[in-house]
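A quick write-up on the structure given underneath.
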Amino acid sequence: MSKNYWLVKSEPDVFSIDDLNKSPKQTTYWDGVRNYQARNTLRDEIKKGDLVLFYHSNADPLAIVGVCEVVKEGYPDFTAFDPDNNHYDPKSKADSPTWFMVDLKYQSKFKKPVTLEAIKQNPKLKNMKLIQRGNRLSVMSVSKDEFDEIINLSK
DNA sequence: GCCAACGTTGGC
DNA sequence: GCCAACGTTGGC
């Protein structure tokens, strides 16, 4: 089984890569995704051992800032069951959950963040979903070539 | 803070 | 099933 590559967005004011690094076991559950397309990715496609680019949105700079690893595959997002949680969704039931999440573990922080600007200017990355018009998905796939190019740019 | 580009909701 | 209204995302 070959490894797949992904990108997740997070607002660093809410949860940054440093927050992930400081989390217990450098691991967090990636909760709060409430979009069906992203849900399908989390539930069905992302596998243990896959690598994930960590992107800071609504930030300065806008950039991919590091890499994390999937340590637990899709399982029900329990924050949807908690009325006190910001991500509460009464339509999601414990016996037939609507929303899913994965666990991510910190792997590395780039010496040099790969900015959105640099990605837009790189012809090898012109097909990245991140820069396609109107893309607001918080979880998306990345090709191996794109992943490798991002790693090169970060050195 | 603005607003384009979505996705979702709900009346009909 | 259509579509207007509304809410959210996220770059600028």
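Convention: sequence-line order gives letters A, B, ...; per-chain numbering from 1.
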Subject >> Single-linkage hydrophobic cluster, 4.5 Å side-chain cutoff, L104(A) and V67(A) together >> reply: no
When rounded to the nearest 0.5 Å, the distance separating OG of S141(A) from CG of D50(A) is 11.0 Å
Counting primed atoms, P, OP1 and OP2 as sugar-phosphate and everything else as base, the B/S/- map of nucleotides 2-11 of chain B against protein heavy atoms under 4.0 Å is ---BB-SS--
Side chain to side chain contact (heavy atoms under 4.5 Å, CB included) test vs W99(A) passes for just one of R43(A), R34(A), H87(A), K91(A), namely R34(A)
- Query: Going by an N to O cut-off under 4.0 Å, is there a salt bridge joining D95(A) and K93(A)?
  - Reply: no
Q.
What I want to check is whether the side chains of Y75(A) and D103(A) have a donor and an acceptor closer together than 3.5 Å.
A. yes
